[in-house]
Amino acid sequence: MDLNPQQQQAVEHGKGPLLVVAGAGSGKTRVIVHRVAHLIGKQNVHPSNILAVTFTNKAAGEMKARLEAMLGLAARDLWIATFHSTCLRILRRHFEHVGYGPNFRVYDEADQLSLIKECLGVLNIGDRLMRPKSALDHIARAKDRCVGPEEFGADNFYLQKVSEVYALYQKRLNEVGAMDFGDLIRLTVKLFESHPDVLNYYCNRFRHVLVDEYQDTNHAQYRLIELLVGLHRNICVVGDEDQSIYRWRGADITNILRFEKDFPGARVIRLEQNYRSTKTIIKAAGGVIANNAGRKPKTLWTQNPQGEPVDVVSCTTEREEAQIVADAIQRLKHEKKSYSEMAVFYRTNAQSRPFEEVFLKEGIPYRIFGWIRFYERMEIKDAIAYLRLIANPKDDISLSRIINVPSRGIGRETLLRLREFAAARSLSMFEVLKDFTVTTIVRAVTAKKLSAFHDMIETLRQGALKRPVTDILHDVLEKSGYVEALASQKTTEAQDRLENINELVAAVDEFEPQTDEPPLNQFLDQVALVSDVDAYDADAEAVTLMTVHLAKGLEFSFVFMVGMEEGLFPHARSLDDPDELEEERRLCYVGMTRAKEHLTMSYAFRRQTFGTPRYGVVSRFIDEIPDELKKVHERLEARSEKLEARSHKSNYLASSVSLLASDDSHFTNNESRLPAKVVMAGVTGHDSDFDQRPPEERIGQFAVGIRVHHPAFGRGFVKHCEPSSAGHKVTVQFESGFIKRLIAERAGLVPL
DNA sequence: CGGCTAGTCATTTTT
DNA sequence: TGACTAGCCG
């Protein structure tokens with residue numbers, strides 16, 4: 001296939017800023033790859049002067065593989081990597097400039113949470129005042145904006161507390177010799193800003209910078225790129241604002257919208273021809289995304305065949321939905337289609353269960369992505385924690401994790417005292433283990449256990465930095481007694497864990513060091529930055545189950561988007577925020593445009609959530625698909641379910657609304673569904689998406705789920721409400737994180 | 001110390 | 001519904 005004129009222009013563009021607006025399926029990777037090849041082949045740019053940044057290892061790997069095929073050896077000198085691994089590589093070389101030692105490690109989210117919990121404990125901040133996850137989110141988002149603990153502005157009490165946590169968290173990170181994901185970017189920016197010589201080196205080295213998925217960059221990443229291309233401005237970014245789906249993770253869509261302002265004189269090239277999907281799918285997806293305001297109008301087109309209409313299937317329950325999808329998959333299989341060409345996308349991981357069950361029952365091979373990722377499994381994290389402690393004895397979090405795994409009779413009280421003891425002396429916990437004065441805080445027997453643990457780790461550390469990782473791991477698993485402990489348990493769970501450990505051993509066996517740095521360090525760096533989709537194998541003969549987020553960048557002939565219900569997709573937490581709703585719509589667009597031949601979208605009237613039923617209304621996104629492009633299959637059973645629900649005079653608010661609103665055409669009639677939207681908009685962002693209690697329990701203006709405003713605490717929503725003589729006794733979850741019990745009228749609470 | 005129970009809470013999405 | 005926690009007891 002040749003390049004089309006727009007692609008050709010993008011490939012041949014010379015110096016200066018270039019924005020390639022690349023619609024879904026428009027051959028974006030192709031353009032990047034060809035452009036790199038062109039720079040080298042036709043514009044005499046040396047491969048080592050090119051930096052290409054992506055978001056996933058998979059994207060980077062693909063690009064590299066294609067370039068190696070095109071360029072051969074020359075491709076070796078290219079720097080193609082993710083943002084995070086790029087920064088890690090840079091920071092490894094200049095750690096001293098950002099206040100770290102050479103053996104610093106990268107903490108994943110679980111590690112971060114452990115450290116946050118420790119900080120909350122030290123600061124005496126209770127769980128109900130601030131959830132660890134909430135604190136971490138605030139801190140991570142601050143880091144995405146390059147905001148350090150010093151600059152963290154706090155204009156209310158809660159943020160004040162977060163600020164304290166942030167400061168301590170950052171101090172502790174540094175003490176234990178670790179960085180989190182956000183630090184990798186933020187500290188690299190800091191490094192460049194404070195050390196012009198270093199920046200200069202990289203500016204000179206990278207004469208051409210290419211950025212993939214530019215719509216997903218956050219502010220810190222933008223700053224990084226801006227610094228890197230400051231002098232030559234040879235920057236080429238590729239992206240599509242319609243596919244920006246990581247706002248919640250700090251992505252700033254305005255980066256791409258602002259590009260021409262940020263880089264005056266920028267050339268803009270639009271790739272609007274889609275090579276992936278049928279006309280029908282493109283138009284259907286276009287119909288949905290057109291409802292987003294604040295986007296640059298863009299019309300995708302294709303020369304591909306018209307194709308079949310989008311199937312819209314209503315189901316009674318999520319179980320039936322799974323069954324219908326399974327049946328359809330088997331029909332396709334009978335038509336000699338490959339399972340590898342089929343995928344099921346859902347909004348949240350929790351939705352995968354019925355599909356797994358039914359697929360198992362029907363004997364349909366599947367593989368599932370997300371959920372518990374390999375490197376997040378308990379046993380894998382344990383093994384890695386040993387390795388990390390060996391590589392970096394200051395790593396208190398890893399030590400805390402494994403000091404009693406397998407059980408060595410070292411309990412939480414001992415651990416707590418150990419931590420305080422170490423903190424008081426500004427030492428790491430490992431250093432303190434053998435200190436004889438430890439006997440002042442623990443009993444002699446315990447001190448002996450601690451010392452034994454210390455000696456074991458110390459033995460494992462001997463020569464560790466020079467040895468192959470596979471040898472170290474082998475020793476760890478044996479000398480720690482970890483495998484032995486698992487093997488002695490006869491449970492199937494222990495069996496599974498052993499198998500996973502074996503998988504890890506196999507993975508480590510295959511690991512090849514790339515540089516002359518200690519292999520252990522290289523391995524741990526790699527582990528810190530991999531995800532499961534990176535291991536996605538397009539040819540495996542199995543149906544793919546994944547969240548829509550993970551589907552970005554992939555394509556399948558037959559796509560099933562399931563759970564298309566208001567409150568699920570769009571997710572309940574987005575319903576009251578226009579920006580978030582637009583993000584949901586983009587997410588839906590991303591999902592739809594993965595389909596090459598056929599797209600099926602389904603929803604269920606009744607769905608078990610947390611063990612209780614919830615009644616759903618068809619997603620607005622389905623309404624937004626032009627009627628002539630979809631074929632609605634309303635199952636008889638589903639209809640009788642509705643009638644039955646009506647006759648039961650259900651207490652469920654949402655169901656009663658949907659009943660009133662819906663007859664046969666409830667999914668095509670926007671007007672009729674409006675009441676549902678209005679009701680649901682009031683009950684977002686908490687445990688239940690629908691108020692499930694009868695009307696008499698939903699009291700007046702302070703009903704459960706109602707959004708309220710408090711003069712001091714700001715916005716929030718009512719979690720519980722009961723009438724009393726003094727007024728409405730309500731429990732309010734405030735956005736600032738507080739949960740308060742108060743009398744609504746007395747506290748000056750105002751419904752929003 | 002470690003195992004058990006009861007009670008609480010949660011589900012977006014992840015480099 | 002099921003995962004996680006705090007708190008209790010052997």
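Labels below follow one simple rule: chain letters A, B, ... track the order of the sequence lines, proteins then strands, and each chain is numbered from 1. What you see is a predicted model, and the numbers here were worked out from it, not measured in a lab.
For the pair A:Lys58 NZ and B:dT15 P, the computed distance is 12 Å after rounding to whole Å. For the pair A:Leu581 CG and B:dT13 P, the interatomic distance rounds to 18 Å; values are reported in whole Å. A:Glu318 places its CD atom 19 Å from the P atom of B:dT11, with the value rounded to the nearest Å. Between the P atom of B:dT14 and the CG atom of A:Asp180 lies a distance of 18 Å, rounded to the nearest Å. Here the C1' atom of nucleotide C:dT1 and the CZ atom of A:Arg607 are 15 Å apart, to the nearest Å. Across the protein-nucleic acid pair, A:Leu184 atom CG and B:dT15 atom C1' stand 10 Å apart, rounded to whole Å. Per the geometry, CG belonging to A:Leu450 stands 10 Å off P belonging to B:dC1, to the nearest Å. One atom, CG of A:Asp108, and another, P of B:dT15, lie 11 Å apart when rounded to the nearest Å.
Within residues 247-254 of chain A, the residues approaching DNA chain B are A:Trp248, A:Arg249, by heavy-atom distance under 4.0 Å.
Between B:dC1 and A:Asn404, no contact under 4.0 Å exists linking OP1 or OP2 to a side-chain N or O. At the phosphate of B:dT14, OP1 or OP2 sits under 4.0 Å from a side-chain N or O atom of A:Thr547. Considering only side-chain N and O atoms, A:Arg131 lies nowhere under 4.0 angstrom from the phosphate OP1 or OP2 of B:dC9. Contact annotation: A:Ser407 does not reach the phosphate of B:dC1 (side-chain N/O to OP1 or OP2, under 4.0 Å). Considering only side-chain N and O atoms, A:Asn349 lies under 4.0 angstrom from the phosphate OP1 or OP2 of B:dT13. Contact check, A:Thr414 against B:dC1: a side-chain N or O comes under 4.0 Å of OP1 or OP2. Remark: A:Lys117 is in phosphate contact with C:dT5, judged by side-chain N or O atoms under 4.0 Å from OP1 or OP2.
When atom types are taken as modelled, the side chain of A:Asn57 and the backbone of A:Leu529 share a donor-acceptor pair closer than 3.5 angstrom.
If A:Leu415 and A:His84 are placed on DNA chain B by their nearest nucleotide, the residue sitting closer to the 5' end is A:Leu415. Both A:His549 and A:Glu413 sit near DNA chain B, but only A:Glu413 has its closest nucleotide nearer the 5' end.
No salt bridge links A:Asp382 with A:Arg497; every basic N to acidic carboxylate O contact stays at or beyond 4.0 Å. By the 4.0 Å N-to-carboxylate-O rule, A:Lys133 lies close enough to A:Glu109 to be salt-bridged with it. Using a cutoff of 4.0 Å between basic side-chain nitrogens and carboxylate oxygens, A:Arg145 and A:Asp252 are not scored as salt-bridged.
For A:Thr348, whose side chain is taken as the heavy atoms from C-beta onward, the closest listed nucleotide among B:dT14, B:dT15, B:dT11 is B:dT11.
A:Glu226 is linked by a salt bridge (charged side-chain N to carboxylate O under 4.0 Å, His left out) to nothing, counting only residues two or more places apart in sequence or in another chain. Under the salt bridge (charged side-chain N to carboxylate O under 4.0 Å, His left out) criterion, A:Asp183 pairs with A:Lys143, A:Arg186, sequence neighbours left out.
Note on A:Ile410: only backbone sugar-phosphate atoms sit closer than 4.0 angstrom, heavy atoms only; bases stay farther off. Counting any heavy atom pair closer than 4.0 Å across all strands shown, A:Phe55 reaches sugar-phosphate atoms only and no base atom.
Atoms CG and OH, on A:Leu360 and A:Tyr366 in that order, are 4.0 Å from each other to the nearest 0.5 Å.
Across A:Tyr246, A:Phe345, A:Phe55, a single residue satisfies ring-ring contact (aromatic ring centres under 6.0 Å, His included) together with A:His549, and that is A:Tyr246.
Straight-line distance between the C1' atoms of B:dT11 and C:dA6: roughly 23 Å, to the nearest whole Å.
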